[in-house]
Each structure stands twice: as structure tokens, then as C-alpha cells.
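Not measured: the values here are computed from a predicted model.
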Amino acid sequence: MAACSRKCEEYYGKFLKNSKDLKTNACVAPSRQLPKHIRDALKDVHEDVSSRYYGCGLVVPECLETCSILDLGSGSGRDCYMLSKLVGQKGHVTGIDMTDEQVEVSKKYIDYHMQKFGFQPANVDFVQGYIENLHAVQIKDKCYDVIISNCVINLSPDKRAVLKEAYRVLKDGGEMYFSDVYSNKPVSEELKKNKILWGECLSGALCWKELVQISEEIGFSPPRLVTSSFITVDNKELEEILSDYSFVSATYRLFKLPQGKAKEKWQVIYNGGITGCEEELQFDANFTFKEGEVVKVDEELGAILKNSRFADEFLFRPCEKGDLSSKCQPKREIIRDPFQLAQKARNQHQAPNSGSCCGPKGCC
């Protein structure tokens with residue numbers, strides 16, 4: 001792990017000065033248009049912090065007021081400062097990063113942002129450490145409502161350890177919401193040794209099926225796919241090295257649900273009270289909840305909504321056994337493969353008069 005960590009520290013701390021130095025769009029590709037309240041929060045982030053941002057997707061889940069949030073691989077602190085405004089004075093955000101240079105940048109602007117937001121005491125802090133070992137920086141069990149990570153887990157040589165630590169520090173009902181890079185097949189050991197490909201977030205990528213296996217073995221609910229888009233490599237030398245590999249930038253959400261609770265099918269009605277999602281909530285690639293509309297959900301999603309911070313945002317009606325009505329027996333395709341979703345978005349984008357590939361909120 002030390003060798004891989006030094007490789008990443010050197011690439012992100014010394015080689016990259018800003019996002020223009022990147023050789024692929026893996027670490028800068030947006031996943032969908034951001035809601036206005038998030039765009040407004042981003043505008044308040046200091047320019048020096050934003051210019052050293054290397055994220056690969058949207059890592060801002062909904063319903064964050066008063067939440068405690070941990071950002072794994074917080075880099076320059078851009079997402080942390082944005083989130084600190086969203087959670088408000090009663091919430092708190094902690095960023096952890098392994099590179100001294102990035103942590104130094106993030107800490108430098110704490111007073112600037114707290115004055116801008118009008119928060120005292122500060123509701124954000126940063127620590128230098130490794131996401132595989134949160135114990136080392138005294139992060140206790142069950143102390144966070146939400147964990148985010150933006151194009152970082154692929155840089156870790158021990159992804160199981162990262163997910164295991166995330167599970168440990170999440171509260172029951174807590175969520176890990178993260179964007180990362182996934183490959184169409186296992187990456188060879190030879191490619192993993194390429195410093196540039198590793199630093200560009202490609203050669204450390206998992207296959208998406210590996211994510212499903214590891215996360216469920218640790219105890220998370222099955223991963224829910226949110227967005228996905230293909231990654232382009234705008235460098236001929238790297239393109240030749242990668243040959244028949246394909247990569248996507250995908251956002252998933254994992255939930256840590258209380259153990260031993262019975263799971264049921266539900267009809268749910270969204271109340272419409274979440275900031276930025278007043279009319280509809282795009283929960284993942286498969287479910288969008290419109291205010292006041294009755295939607296049937298299966299046992300898996302029902303348990304997530306009823307045992308997480310979303311519980312107060314919905315009304316729940318049980319589906320009676322033997323109920324064959326359309327509300328309790330809908331047919332829908334559940335997309336879990338990020339390559340399938342990325343291809344679907346690409347096809348819709350290329351179709352004549354197709355409009356936006358992600359509906360009213362923008363294109364993947």
C-alpha cells in the first residue's frame with residue numbers, strides 16, 4: 001500500500017497543478033446538471049480551491065440539512081466547503097486526504113469560507129490520513145450520516161478496507177454516496193504499475209460486479225446506480241496502451257441499514273420537501289419520485305427509504321399480500337450495470353430530436 005500511496009501523493013501533490021494537467025476526462029467529467037442551490041454554493045468556494053479540484057462526478061446527495069458528512073479524499077476541499085454551506089451551522093463536514101499539499105490548501109481557506117457563510121464556530125475541518133485506516137485519525141464508529149467520495153476509491157490499493165471503514169463509521173441508516181471509475185474487465189497487473197494511468201484514475205478501477213460483491217459482503221445494501229457516462233482518453237499514447245479496455249465514471253449509493261428489521265413492499269408518496277427537489281426526486285437511475293405521486297417500491301428500496309434520513313420525506317402505505325393491482329405489481333427494468341446505463345444515455349443523446357438524455361435536469 002505504501003508504494004501505491006506514494007505514487008498517488010506524487011501525482012496529485014506535485015505533478016498536477018490544476019485540472020488542465022489531466023490527460024483524460026476521468027477526473028473531471030460531470031454526471032448531470034447540478035440544482036441551483038448547489039451551483040450557488042459552488043460559486044462561494046474560493047477560486048484557489050476550485051482550480052485544484054479533480055472529481056469525476058456528482059457527489060452531492062439530497063436531504064443534507066444538519067447532517068454530519070465525511071469526504072473521503074477531500075483534495076483541495078472544494079466539495080467540503082460546498083457541503084458545509086448545505087448542511088448549515090448545525091451540520092458538520094470533515095475532509096480526509098493523504099496528500100499534505102492538498103490538505104494545506106484546504107485548511108488555508110477555512111476562515112474565508114466561514115466568514116462568507118456566517119458560521120461560527122466553523123462547521124468544517126480537514127485531516128491528513130489514509131481512507132483505508134480511519135482509526136488512525138481517531139474517527140469513531142457510527143458517527144456520520146453521509147459519506148461522499150469523488151473519484152478516489154480507485155486510487156486505493158485496498159478497496160475492501162476503504163468500504164469496510166466507511167461502513168464502520170456510518171450511523172445506522174447512513175449512506176455512502178460516491179462517484180468512481182469502473183472498467184469493463186479486470187485491469188492487468190502491468191497496467192496497474194503505470195503511474196500516469198493510476199493517477200488518471202483508470203488502472204486502479206474496479207469492475208462494477210466486484211463493487212457489488214465487496215459491498216454486500218461488508219454489509220451494505222445492494223449498490224444503487226445513479227448516473228454513468230463513458231470516459232474518453234484524449235492521449236494517443238495512453239489510448240494505445242489501453243487498447244480494448246473501456247471505462248465509465250459512475251455514481252452509486254450504498255446504505256447501511258439496521259440489522260434484523262423485516263423488509264416489506266411499499267407504496268410510497270413523496271412529500272416534496274427536499275431542497276432542490278421540491279417537484280421531483282431522482283433517487284437513482286431506476287426511480288424518480290414526483291411530489292404527491294404513488295409509487296410502488298420493492299423490499300430493498302422500501303427498507304432504504306424507511307430506515308434512512310429520507311423517512312420523513314415520504315408517506316408509506318403497505319402493499320397487502322395478494323394485491324395484484326398495478327400499483328403493487330409494476331413491471332420495470334432495473335439497471336445496475338453502469339456500462340448499460342452509459343450506453344443508453346449515449347443512444348438517447350445521439351437519437352434525432354431526442355432532447356436531453358437525462359430529462360429536465362440535464363444530460364449525463
Novice: Return the orientation label for the Phe314 and Phe289 ring planes: parallel under 30°, perpendicular over 60°, tilted otherwise.
Specialist: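 Geometry flag for Phe289 against Phe314: perpendicular rings.
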Novice: Count the heavy atoms belonging to other residues, nucleotides or ligands that lie under 6.0 Å from CD of Glu279, then report whether that count exceeds 12.
Specialist: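 No - once you tally the heavy atoms of other residues, nucleotides and ligands closer than 6.0 Å, there are 12 at most.
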Novice: Any heavy-atom pair between the side chains of Phe287 and Arg224 that's under 4.5 Å?
Specialist: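 The answer is yes; the side chains approach within 4.5 Å.
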Novice: Just checking, any donor-acceptor pair under 3.5 angstrom between side chains of Gln343 and Asn347?
Specialist: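 Side-chain D/A pair, Gln343 to Asn347: present.
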Novice: What verdict does the salt bridge (charged side-chain N to carboxylate O under 4.0 Å, His left out) test give for Asp44 and Lys85, after you've listed the backbone C-alpha separation in whole Å, the side-chain angles of each residue and the deciding distance to 0.1 Å?
Specialist: CA-CA 9 Å; Asp44 286 335; Lys85 183 175 183 180; 2.5 Å; yes
Novice: Could you go through the side chain to side chain contact (heavy atoms under 4.5 Å, CB included) check for Leu242 and Leu197 one step at a time?
Specialist: CA-CA 9 Å; Leu242 292 171; Leu197 287 175; 4.1 Å; yes
Novice: Would you sort out whether Lys107 and Val103 count as a side chain to side chain contact (heavy atoms under 4.5 Å, CB included), showing the intermediate values?
Specialist: CA-CA 6 Å; Lys107 286 183 175 181; Val103 173; 3.7 Å; yes
Novice: Determine whether a donor-acceptor pair (N or O, by modelled atom type, separation under 3.5 Å) exists between the side chain of Arg309 and the backbone of Glu175.
Specialist: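 Not confirmed, Arg309 side chain does not pair with Glu175 backbone.
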Novice: Do we get Lys290 above Tyr270's six-membered ring, with its NZ or CZ under 6.0 Å from the centre and within 45° of the axis?
Specialist: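 No - Lys290 does not lie over the ring of Tyr270 by the 6.0 Å and 45° rule.
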Novice: What side chain to side chain donor-acceptor pair (under 3.5 Å) pairs are there with at least one residue in residues 205-221, not counting sequence neighbours?
Specialist: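 Matches after skipping sequence neighbours: Arg160-Glu217, Trp208-Asp337, Gln213-Glu217.
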Novice: If you compare all heavy atoms of Leu170 against all heavy atoms of Met176, which two are closest, and at what distance to 0.1 Å?
Specialist: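 Of all heavy-atom pairs spanning Leu170 and Met176, the closest is CD1-N, 4.0 Å.
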Novice: Calculate, to the nearest 0.5 Å, the distance between atoms CG and CE belonging to Leu86 and Met82 respectively.
Specialist: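 Rounded to the nearest 0.5 Å, the CG-CE separation comes to 6.0 Å.
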Novice: Should we count NZ of Lys164 as having more than 12 external heavy atoms under 6.0 Å?
Specialist: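 No, because the 6.0 Å sphere around NZ of Lys164 holds 12 heavy atoms or fewer from other groups.
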Novice: For Val295, does its backbone N or O pair with a side-chain atom of Gln267 as donor and acceptor, under 3.5 Å?
Specialist: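 Side chain of Gln267 to backbone of Val295, a donor-acceptor pair under 3.5 Å: no, none is there.
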Novice: Atom NZ of residue position Lys185 - does it have more than 12 heavy atoms of other residues, nucleotides or ligands inside 6.0 Å?
Specialist: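 Atom NZ in Lys185 is packed in, count exceeds 12.
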Novice: Should the pair Tyr109 and Tyr112 be assigned to parallel (<30°), tilted (30 to 60°) or perpendicular (>60°) ring geometry?
Specialist: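 If you compare the ring of Tyr109 with that of Tyr112, the planes turn out perpendicular.
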